[in-house]
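All chains are named by letter (A, B, ...) in the order of the sequence lines, taking the proteins before the strands, and each is independently numbered beginning at 1. None of these values were measured; they are calculated from a predicted model.
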2 protein chains.
Amino acid sequence: MLKLHDYWRSSAAYRVRIALNLKGLDYKQDSHDLRTNAQHLDSYKALNPQGLVPALDIGGHVLTQSLAIIEWLEETCPEPPLLPRAAADRAVVRAMAGLIACDIHPLNNLRVLRELKKDWNADEAQTKMWAKGWIAEGFTALETLIGRHGGGYCFGERPTLADCFLVPQVFSAQRFGVSLDPYPNIRAVNERCDEHPAFSRAHPAHQPDADTVDFNTR
Amino acid sequence: MLKLHDYWRSSAAYRVRIALNLKGLDYKQDSHDLRTNAQHLDSYKALNPQGLVPALDIGGHVLTQSLAIIEWLEETCPEPPLLPRAAADRAVVRAMAGLIACDIHPLNNLRVLRELKKDWNADEAQTKMWAKGWIAEGFTALETLIGRHGGGYCFGERPTLADCFLVPQVFSAQRFGVSLDPYPNIRAVNERCDEHPAFSRAHPAHQPDADTVDFNTR
């Protein structure tokens with residue numbers, strides 16, 4: 001049985017939940033509350049030296065980093081595929097995921113916003129502006145890429161690894177108050193994914209560790 | 001003929017140069033000076049909507065995002081392999097690359113440091129402290145992972161995708177004045193890679209667009 005080290009509102013864990021659901025795999029969830037730094041406990045850092053979620057315990061091994069975990073899922077459980085067949089197309093899907101994973105998300109996750117507050121006394125409005133700026137820059141490029149390659153989903157007519165990364169980033173963007181009006185392609189893909197049970201079951205609000213009230217506040 | 005849209009001091013481009021050299025592939029280089037925002041020209045953004053380097057023109061397609069490009073190289077030119085054979089091992093190598101690509105590099109690249117200066121009037125010393133903090137956090141975890149899995153290189157006895165990511169990050173860390181003394185495993189892998197011609201030919205100082213004087217200053 002797979003065990004996902006998880007936190008309901010972690011974007012990176014959300015990606016892995018979507019991929020696990022798309023593959024139709026069962027998994028247990030072990031929650032680590034990032035607000036209280038539960039992920040920094042020595043017992044967890046023995047499993048994942050980074051002290052971050054997600055990590056996937058596959059029995060004997062603990063895999064870390066959402067992209068590496070999803071690539072492992074793709075290699076060990078190929079159906080349904082989350083990458084297209086042609087190498088150049090696979091590169092497009094991976095580039096969309098990389099755009100989100102490297103150029104948007106790292107700049108607006110909790111640990112970074114905390115540092116901005118600590119190092120520069122940034123207030124809530126300033127960190128929100130910071131996050132929104134990087135989201136806008138990334139979404140502008142992604143909007144173009146989906147326009148070129150999308151066909152209902154980010155790439156083509158079926159969910160791929162790129163959608164596993166897009167939907168959590170849109171959820172995060174909405175928490176920062178980003179409007180999707182300038183990004184009709186992104187909005188359409190997100191709405192399409194919302195209707196897919198693999199995505200909706202992975203939604204933060206539907207996780208066992210989710211706050212029952214006011215789940216949209218930090 | 002492959003054409004790499006490049007900049008001598010870009011960490012992400014440096015990763016791709018190493019991988020191309022490890023695969024023994026010839027490529028042309030087209031330099032975009034990040035200091036003058038040459039990568040933001042419309043002509044380049046038509047190829048890569050993100051306006052970032054690297055991008056790899058494979059004839060008919062332009063691939064973006066260093067990790068996606070290197071995965072494409074691995075799929076289309078499998079020898080010598082940059083990923084081990086077993087799926088769980090491949091996940092470890094990809095996780096090391098992801099740690100660097102998602103949790104270190106995005107927080108200390110040029111475009112982010114520029115924003116810190118703009119938004120919070122951060123001076124050179126403050127941005128350096130910021131960068132060094134994230135490098136230390138990432139390197140501490142990576143040191144443990146190399147201790148578990150390394151055997152001369154980051155994973156085992158042959159260069160992998162993880163080394164393509166490590167060496168440029170060490171180069172960047174040294175520019176920020178980070179000492180490798182607390183990280184003997186990282187230092188040993190970096191020294192080993194320094195001796196490998198695929199790595200040394202990819203070094204920023206050896207690129208045709210490199211500044212000839214004082215290449216270590218911003």
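Of the atoms belonging to A:Glu137, it is side-chain heavy atoms, and not backbone ones, that fall under 4.5 Å from chain B. Using a 4.5 Å cut-off between heavy atoms, A:Ala46 touches chain B through its backbone atoms (N, CA, C, O) alone. At a 4.5 Å heavy-atom cutoff, A:Ala97 makes no contact with chain B through either its backbone or its side chain. Contact of A:Val112 with chain B is made through backbone and side chain together, with heavy-atom distances under 4.5 Å. For a residue to count as touching a neighbouring chain, one of its non-hydrogen atoms must lie under 4.5 Å from one of that chain's; by this rule B:Ala12 does not touch chain A. Heavy-atom distances place both the backbone and the side chain of A:Arg111 under 4.5 Å from chain B. Within the 4.5 angstrom heavy-atom criterion, atoms from both the backbone and the side chain of A:Thr64 approach chain B.
Using cut-offs of 30° and 60° for the angle between ring planes, the A:Phe171 and A:His203 rings count as perpendicular. The aromatic rings of B:Tyr44 and B:His32 sit tilted relative to each other, their planes meeting at an angle between 30° and 60°.
Remark: the backbone N or O of A:Cys154 is paired with a side-chain donor or acceptor of A:Asp163 at under 3.5 angstrom. A donor-acceptor pair under 3.5 Å is formed between the side chain of A:Glu143 and the backbone N or O of A:Asn185. No donor-acceptor pair under 3.5 Å is formed between the side chain of B:Ser10 and the backbone N or O of B:Tyr7. The backbone N or O of A:Leu2 lies less than 3.5 Å from no partner atom in the side chain of A:Lys28, so there is not a single donor-acceptor pair. No donor-acceptor pair under 3.5 Å is formed between the side chain of A:Arg15 and the backbone N or O of A:Ser66. Listed for the A:Arg17 side chain is a donor-acceptor partner under 3.5 Å among the backbone atoms of A:Trp8. The backbone N or O of B:Gln126 lies less than 3.5 Å from a partner atom in the side chain of B:Asp123, making a donor-acceptor pair.
Chain B forms the most heavy-atom pairs under 4.5 Å with one residue out of A:Val93, A:Leu145, A:Asp119, A:Leu116, and that residue is A:Leu116. Here B:Leu99 is the residue among B:Leu52, B:Val92, B:Ile58, B:Leu99 with the most heavy-atom pairs under 4.5 Å with chain A. Counting heavy-atom pairs under 4.5 Å between each of B:Leu107, B:Thr144, B:Asn48 and chain A puts B:Leu107 at the top.
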Dump the intermediate steps for side chain to side chain donor-acceptor pair (under 3.5 Å) on A:Tyr27 and A:Asn21, then the final yes or no. CA-CA 9 Å; A:Tyr27 56 98; A:Asn21 293 347; 3.2 Å; yes
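A donor-acceptor contact closer than 3.5 angstrom links the side chains of A:Gln65 and B:Asp103.
Contact residues of residues 67-76 of chain A toward chain B are A:Leu67, A:Ala68, A:Glu71, A:Trp72, A:Glu75, A:Thr76 (heavy-atom distance under 4.5 Å).
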